[in-house]
S.K.: 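Pasting a structure here, questions to come.
Quantities reported herein were computed from a predicted structural model and do not represent experimental measurements. Below, each value reflects all heavy atoms present in this structure, side chains not excepted, and no hydrogens, waters or symmetry copies. Each chain gets a letter, A, B and so on, in the order the sequences are listed, and its residues count up from 1.
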Amino acid sequence: MALRVYDTRSRTKRELIPLVEGQIGIYACGITPYSPSHIGHARQAVAFDIIVRWLRKSGLKVNYIANFTDIDDKIIAVSSEEGVDFLEVANRNIDDYFEVMDALNVTRADAYPRVTETIPEIQEMITNLIDKGFAYVAKDGVYFEIDTAPEKYGQLTGQTLEMVREGAGGRVDETGSGKRDHRDFALWKSAKEGEPIWESPWGPGRPGWHIECSAMSLKHLGERFDIHGGGSDLMFPHHEAEIFQSECCLGHDPVVQYWIHNGMINVDGEKMSKSEGNFWTVRDALESIDPLVLRYTLINAPYRQPVDFNSVMIDDSRLNHGRLLRAYSDGLTMAGIGDWSQNVELSEANERFSLGMNDDFNTRVALVEVQSVVKLLRQMIDSNSDKSSISAATGWLAEFAGEVLGILPSKEEALSMSNSEAEARSAISSQVEALLEARESARESKNWSRADEIRDELISMGVIVEDGADGPTWRIE
RNA sequence: GCACGGGUGGCAGAGCAGCUAUGCAACGGACUGCAGAUCCGUGGACCCGGGUGCAAAUCCCGGCCCGUGCUCCA
């Protein structure tokens, strides 16, 4: 079954053919840690996490690299504002990143390179570009000269040199920059007062934005690698600049076989931004949303589509995820995890799930199959199916909803969750049983108002009563 | 303005030439004193206008609307 990936550069879905059979090198542009991570970062991290999980599930050996751009203008701005070292700002926000992404069940990348740990490689690349005539030294730094490779312009966004010229023409003189052309971009920025600096052949300074990713991907994945990705907002200029740098430096193209970009997050249909006041950090979101529910929300649309973050969407995810969780833990306690491969319906579900994931990692299609297996499992439980069927369906969920999509807690956690619920139950059990008994006798004498009164009392204790054919059952909300 | 995505039932969101998407909500039924949970069933959609097909939500052309980008210095 062929795995097809939408490649931004060719604007088509193409079959994923690894450079080295059985192996995939993937680089994803991570965050610039100048503030706590927001839900857009979470979407990116989750999207690539699932892509990597699916590649591994497909039998590929994956080397996944995600970087931190830990020196940049915004970090410097925060650091000078707070009067602390720039690395303190970066480290603080990197810690935050790991903490919230762990909560979202994001598998760690194989490496998290940082700009500040890649300075020699960056300088080497810049030297190379100067030597080959693609870059020049100016009074305020080193610039990549766009006109040396005009054919590479607009590779990802379709824009032409002329368009951008119109968009920003004539600014070079105004800013006093040493650029020859305003579309040239900085590889190295000369030191300014009070900024962190590194020594270089072109004087003290720091790397420009863009070069770090070319250098880090080269260092970790080599001169050619399979997949490079990030948010769609990075296509221009960041990723196009990388194409210039890497391909001109290495002297071949393409360096990256497939470019993939995830869509942005909107909040209530509007662009999420600090000035709009609709800005959600992951921490904000986790105050009212369970981490796995948030993850469910983020994969509720294919990774390339925009996701609208709104209360309906979240409530919907909460409901569906809750149903999934309940079916899973019921199945787990009743029958455990079993082999699903002998069950026809589950095998078909597997096929459709895989078809969806192989079609550019369509998690929405995958979730439909999860929902249908939840329904199937529910039916099995309700109709007192044999243990092996229930364990098979539970096993299917563990494998696909758990292992691949990462929206289930681990088996141990799921069981300990039901254990802690059991503890909570036993703590109030005698009290509840007594009330239920009183309610049952009220019901027998058709004293409905008294019965409902008792039920209300139980609800206020956080107990939900459900009358069934064999008498009432109850659970803790 | 230009580039790239997208506009599907009350809502969210798949499908991207012929075959029930799915979930929530609604409606009907089973079970219920009621409620809840669960199950069964029903109705309901493809932004507008042209075009190409035996056949178009799906392809082409033209509108309209939405999102993102149009660089670090500004």
Side-chain angles (χ1 to χ4, degrees), chain A residues 6 8 11 13 40 72-74 140-141 143-144 146 154 156-160 162-168 171-172 174-179 182-187 189 192 206-211 231-241 261 263-266 269-272 296-297 300-302 304-308 310-321 323-324 326-327 330 352 356 359 362-372 374-375 378-379 381-383 442-449 451-452 455-456 459 464-469 472-475 477:
Chain A
Y6 184 89
T8 309
R11 284 186 203 103
K13 280 183 197 168
D72 120 310
D73 297 340
K74 287 175 185 147
D140 57 347
Y143 290 95
F144 188 97
I146 287 289
L156 301 177
T157 58
Q159 302 183 103
T160 63
E162 289 66 31
M163 289 170 179
V164 180
R165 193 196 302 273
E166 282 166 20
R171 288 188 202 160
V172 179
E174 296 164 19
T175 59
S177 155
K179 284 181 185 182
H182 79 273
R183 294 158 302 183
D184 293 349
F185 53 88
L187 300 173
K189 296 178 171 191
K192 285 187 196 155
R206 60 189 170 93
W209 181 43
H210 311 314
I211 188 69
S232 61
D233 57 341
L234 295 180
M235 284 182 208
F236 189 93
H238 187 55
H239 287 161
E240 291 200 359
H261 294 94
M264 299 289 100
I265 294 239
N266 296 138
E270 300 284 324
K271 177 183 176 177
M272 180 172 83
Y296 191 106
T297 308
N300 203 208
R304 289 196 292 128
Q305 295 306 102
V307 164
D308 192 45
N310 60 57
S311 57
V312 176
M313 184 91 169
I314 294 160
D315 288 345
D316 197 57
S317 300
R318 195 175 273 134
L319 195 81
N320 284 306
H321 185 260
R323 209 169 269 185
L324 162 67
R326 213 180 310 168
D330 283 354
R352 286 188 297 265
D359 183 15
N362 192 329
T363 48
R364 194 60 191 76
V365 169
L367 280 177
V368 166
E369 291 313 315
V370 170
Q371 287 170 329
S372 80
V374 166
K375 191 170 182 175
R378 208 69 264 169
Q379 286 168 336
I381 291 172
D382 284 355
S383 63
R443 293 180 72 205
E444 268 165 42
S445 55
K446 300 206 189 301
N447 185 353
W448 307 126
S449 61
D452 290 346
R455 183 166 62 197
D456 288 342
I459 287 170
I464 295 182
V465 182
E466 288 170 359
D467 295 324
T473 58
W474 59 282
R475 60 187 168 89
E477 184 57 79

S.K.: For G69(B), which nucleotide is its Watson-Crick or G-U wobble mate, given both distances must be under 3.5 Å?
M.R.: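 With both distances under 3.5 Å, G69(B) matches C2(B).
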S.K.: Among all residues two or more places apart in sequence or in another chain, which pass the ring pair (Phe, Tyr, Trp, His ring centres under 6.0 Å) test with W209(A)?
M.R.: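 Ring pair (Phe, Tyr, Trp, His ring centres under 6.0 Å) check on W209(A) returns H238(A).
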S.K.: Taking atom types as they are modelled, would you say the side chain of R455(A) forms a donor-acceptor pair with the base of C34(B) within the 3.5 Å cutoff?
M.R.: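 Yes, a donor-acceptor pair under 3.5 Å.
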S.K.: For K13(A) and F185(A), take the nucleotide of RNA chain B holding the closest heavy atom to each; which residue's nucleotide lies nearer the 5' end?
M.R.: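 It is K13(A), whose closest nucleotide lies nearer the 5' terminus.
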S.K.: Is a donor on one side and an acceptor on the other found under 3.5 Å between the side chain of E240(A) and the backbone of G154(A)?
M.R.: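 Here the side-chain-to-backbone pair exists.
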S.K.: So which protein nitrogen or oxygen atoms get under 3.5 Å of nucleotides 42-44 of chain B's nitrogens or oxygens?
M.R.:
none

S.K.: Rounded to whole angstrom units, what separation is found between the CD1 atom of I265(A) and the P atom of G69(B)?
M.R.: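 These atoms are roughly 14 Å apart.
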S.K.: Please enumerate all residues that pass ring pair (Phe, Tyr, Trp, His ring centres under 6.0 Å) together with H239(A), with sequence neighbours excluded.
M.R.: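 Expected list: H228(A), W259(A), H261(A).
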S.K.: Phosphate oxygens OP1/OP2 of G15(B): is one of them under 4.0 Å from a side-chain N or O of N362(A)?
M.R.: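 Indeed, a polar side-chain atom of N362(A) lies that close.
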S.K.: How would you list, by chain and number, every residue that makes a side chain to side chain donor-acceptor pair (under 3.5 Å) with K13(A), sequence neighbours excluded?
M.R.: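 Side chain to side chain donor-acceptor pair (under 3.5 Å) list for K13(A), sorted by chain: D359(A).
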S.K.: Within this structure, what is the NE2-to-P distance between H210(A) and G69(B), rounded to whole angstrom?
M.R.: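 Interatomic distance, NE2 of H210(A) to P of G69(B): 15 Å.
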S.K.: Not counting sequence neighbours, which residues clear side chain to side chain donor-acceptor pair (under 3.5 Å) with S317(A)? List them please.
M.R.: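 Applying side chain to side chain donor-acceptor pair (under 3.5 Å) to S317(A) gives T297(A).
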S.K.: For C31(B), which nucleotide in any strand shown is its Watson-Crick or wobble partner with both distances under 3.5 Å?
M.R.: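 Pairing partner: none.
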S.K.: What's the gap between A25(B) and U68(B) when it is taken at their P atoms, as a whole Å value?
M.R.: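 Those two atoms are separated by 31 Å.
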S.K.: Quick one: Y6(A) OH to C16(B) C1', roughly how many Å, whole number?
M.R.: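 Between C1' of C16(B) and OH of Y6(A): 14 Å.
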S.K.: In whole Å, what is the span from the CG atom of D308(A) to the P atom of G5(B)?
M.R.: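 Going from D308(A) (CG) to G5(B) (P), I get 21 Å.
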S.K.: Which residues pass the salt bridge (Lys or Arg N to Asp or Glu O under 4.0 Å) test with D315(A), not counting sequence neighbours?
M.R.: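 Here the qualifying residues are R318(A).
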S.K.: Under a 4.0 Å N-O cut-off, is there an ion pair linking K189(A) with D72(A)?
M.R.: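 Salt bridge flag = no for D72(A) with K189(A).
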S.K.: Looking at A35(B), U71(B), A37(B), which one has an atom nearest to any side-chain atom of D467(A)?
M.R.: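 So the nucleotide nearest the side chain must be A35(B).
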S.K.: The side chain of R443(A) is closest to which nucleotide in this list: U71(B), G33(B), G5(B)?
M.R.: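 The closest nucleotide is G33(B).
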S.K.: Checking N320(A) side chain against D316(A) main chain: does a donor-acceptor pair fall under 3.5 Å?
M.R.: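 Judged by distance alone, yes, a pair lies under 3.5 Å.
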S.K.: List the protein contact pattern of nucleotides 19-25 of chain B with one symbol per nucleotide (5' to 3'): B for base contact, S for sugar-phosphate-only contact, - for none; contact means a heavy-atom distance under 4.0 Å.
M.R.: --BBBS-
S.K.: Going by the rule side chain to side chain donor-acceptor pair (under 3.5 Å), which residues pair with D330(A) if we only count those two or more places apart in sequence or in a different chain?
M.R.: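 If we apply the side chain to side chain donor-acceptor pair (under 3.5 Å) test to D330(A), skipping adjacent residues, the hits are R378(A).
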S.K.: Would you please determine if the base of G33(B) is stacked by W448(A), with stacking meaning a centroid separation under 5.5 angstrom and planes under 30 degrees?
M.R.: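 By the stated criterion, W448(A) and G33(B) stack.
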S.K.: For R304(A) and G7(B), what is the distance between atoms CZ and P respectively, to the nearest whole Å?
M.R.: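 Checked: the CZ to P distance equals 12 Å.
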S.K.: Considering residues at least two apart in sequence or located in another chain, which fulfil the side chain to side chain donor-acceptor pair (under 3.5 Å) criterion with T363(A)?
M.R.: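 Not a single residue meets the side chain to side chain donor-acceptor pair (under 3.5 Å) criterion with T363(A).
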S.K.: To the nearest Å, how far apart are D233(A) CG and G5(B) P?
M.R.: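 So the CG-P distance, D233(A) to G5(B), works out to 16 Å.
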S.K.: Once hydrogens and angles are ignored, does a donor-acceptor distance under 3.5 Å link the base of C66(B) to the side chain of N266(A)?
M.R.: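 Not at all, since no donor on one side and acceptor on the other fall under 3.5 Å apart.
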S.K.: Which nucleotide, in any strand shown, forms a Watson-Crick or G-U wobble pair with A26(B), with both distances under 3.5 Å?
M.R.: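 Checking every strand shown, A26(B) finds its partner in U42(B), with both distances under 3.5 Å.
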S.K.: Mapping P302(A) and Q379(A) onto RNA chain B by nearest heavy atom, which one lands closer to the 5' end?
M.R.: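 On the 5' side of the pair lies P302(A).
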S.K.: Nearest-Å distance, CD1 (I314(A)) to C1' (C11(B))?
M.R.: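 Distance, rounded to whole Å: 14 Å.
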S.K.: Hunt down the Watson-Crick or G-U wobble partner of G18(B), both distances under 3.5 Å, from any strand shown, or write none.
M.R.: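 Matched G18(B) with C54(B) under the 3.5 Å cut-off.
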